[in-house]
Amino acid sequence: MHDYVNWLRHSSPYINAHRDCTFVIMLSGDCLEHASFPNIVHDLVLLHSLGVRLVLVFGTRPQIDRRLASLGLNARYHHDLRITDAQTLSCVMDAVGHVRIALEAHLSMDVALSPMQGARLRVTSGNFVTARPIGVLDGVDYQHTGEVRRIDRKGINRLLDERSIVLLSPLGYSPTGEVFNLACEDVATRAAIDLQADKLVLYGSHLGLIDQAGHLVRELRPQQIPPHLARLGSDYQAELLDAAAQACRGGVRRTHLVSYVEDGALLTELFTRDGSGTLVTQEQFEQTREASIEDVGGLIELIRPLEEQGILVRRSRDVLEREISQFSVVERDGMIIACAALYPISGSQAGELACLAVNPDYRHGGRGDVLLERIEYRARLLGLKTLFVLTTRTAHWFRERGFEPSGVERLPEARAQMYNYQRNSKVFEKAL
């Protein structure tokens with residue numbers, strides 16, 4: 001129960017931040033058939049209940065392939081893009097119709113004692129996507145395979161304003177009345193860009209982007225994506241990454257790659273600081289910078305537990321406001337998770353490193369080293385030659401980073417006069 005209460009409390013900033021935002025969420029055909037899909041529907045309903053404006057884009061690749069197989073027809077691709085002849089288009093239209101109806105049914109449930117009870121959703125679909133034919137590439141005629149030409153932004157926004165969930169299929173229509181088969185990734189990306197969506201969420205089978213060592217990449221920039229695309233080749237994860245990069249370049253602030261296999265991945269990604277998948281963004285999700293007066297509240301929240309344990313010297317809000325220019329901080333998605341301060345010692349070429357603190361949830365990530373490096377850099381810019389630190393609990397950490405045992409007698413006079421013998425802090429120094 002305590003974990004649940006703690007999670008709910010920490011999710012409240014995200015609830016407020018996401019309200020009235022537009023999210024475009026892509027559900028691949030494989031996602032729709034996975035055993036976890038009913039839970040994903042519940043999560044989508046929760047987002048809608050919290051005031052998020054939802055545009056759902058669905059895919060139908062496996063459903064189309066099954067219909068082709070049942071007719072004894074082979075799926076034809078060129079450059080990983082389906083060639084849609086007349087028979088294939090008939091299968092596409094059949095699959096899209098069945099999937100759309102099934103999705104609307106899922107979103108219309110109102111089962112007692114379930115997360116859907118009382119949801120009363122209105123789902124709207126229609127001819128919101130104008131398309132054009134891809135035509136002939138490399139001598140190959142794609143026939144009824146198309147690409148997005150335009151998204152009906154005004155029509156979709158009007159429905160979102162009326163609290164409808166908008167459903168976009170992988171079909172597009174031309175002004176001449178033709179129907180085109182589209183890639184759902186293309187529809188989702190263009191919808192997110194044209195609607196100026198706050199987020200694009202792409203569901204895949206993996207947790208997110210997995211690097212060569214098998215580790216989840218939690219955040220990256222569009223310019224970091226090309227090497228991953230080359231490594232992944234024709235893997236579907238490459239398609240998702242490419243879509244994320246296009247969305248980002250088109251002005252979508254954040255694109256998330258999440259897993260439809262992991263239950264609750266969407267909620268974890270959207271309502272916790274670390275998330276569960278991969279975030280692609282032009283913004284810097286975590287940054288090290290100099291502190292400003294707006295950071296005082298965050299600093300107090302970070303260092304108070306350490307002050308109560310006697311690890312740090314107590315500092316009042318007035319002191320922090322007065323000395324805020326001495327601090328450097330690590331900020332993660334609006335939260336101060338680490339800090340350190342540099343105090344030049346008057347009458348000397350020495351400075352004191354003080355109040356080095358890292359949030360317990362973010363230790364072992366090298367943030368202490370990042371702050372130490374920044375403090376040393378700032379000290380050198382000021383022309384300081386020596387850096388002192390006084391500590392009661394972290395002597396080994398500083399020794400491992402080049403600090404040598406020292407004593408009160410080595411402190412400049414201005415600092416030695418302020419030494420608290422009751423705390424009996426150990427003194428270390430490092431030549432810069």
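For the single chain, residues carry numbers from 1 onward in sequence order.
Counting non-hydrogen atoms of neighbouring residues, nucleotides and ligands closer than 6.0 angstrom, the CD atom of Glu400 exceeds 12 such neighbours. Around atom CZ of Arg149, no more than 12 heavy atoms belonging to other residues, nucleotides or ligands sit under 6.0 Å away.
A salt bridge is absent between Glu373 and Arg380: the closest approach of a Lys/Arg side-chain nitrogen to an acidic carboxylate oxygen does not fall below 4.0 angstrom. With salt bridges taken as basic N to acidic carboxylate O contacts below 4.0 Å, one links Arg82 and Asp65. Residues Asp152 and Arg158 are not paired through a salt bridge, judged by the lack of any N-O separation under 4.0 Å between the basic side chain and the carboxylate.
Side-chain contact check for Arg53 and Asn157: at least one donor-acceptor pair (N or O, by modelled atom type) lies under 3.5 Å. Remark: the Tyr142 side chain and the Glu147 side chain contain no N/O donor-acceptor pair separated by less than 3.5 Å. No side-chain donor-acceptor contact under 3.5 Å links Thr386 and Glu429. Residues Ser164 and Glu162 bring no donor and acceptor atom of their side chains to less than 3.5 Å of each other. No hydrogens or angles considered: a donor-acceptor pair under 3.5 Å links the side chains of Glu269 and His256.
Because its NZ or CZ atom is not both nearer than 6.0 Å to the ring centre of Trp397 and within 45° of the ring axis, Arg399 does not count as a cation-pi partner of that residue.
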Assess whether ring-ring contact (aromatic ring centres under 6.0 Å, His included) is satisfied between His18 and Phe23, documenting all intermediate values.
-> CA-CA 9 Å; His18 297 335; Phe23 292 2; 5.3 Å; yes
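Of all heavy-atom pairs between Arg367 and Val330, the closest is CD-CG1, 4.4 Å.
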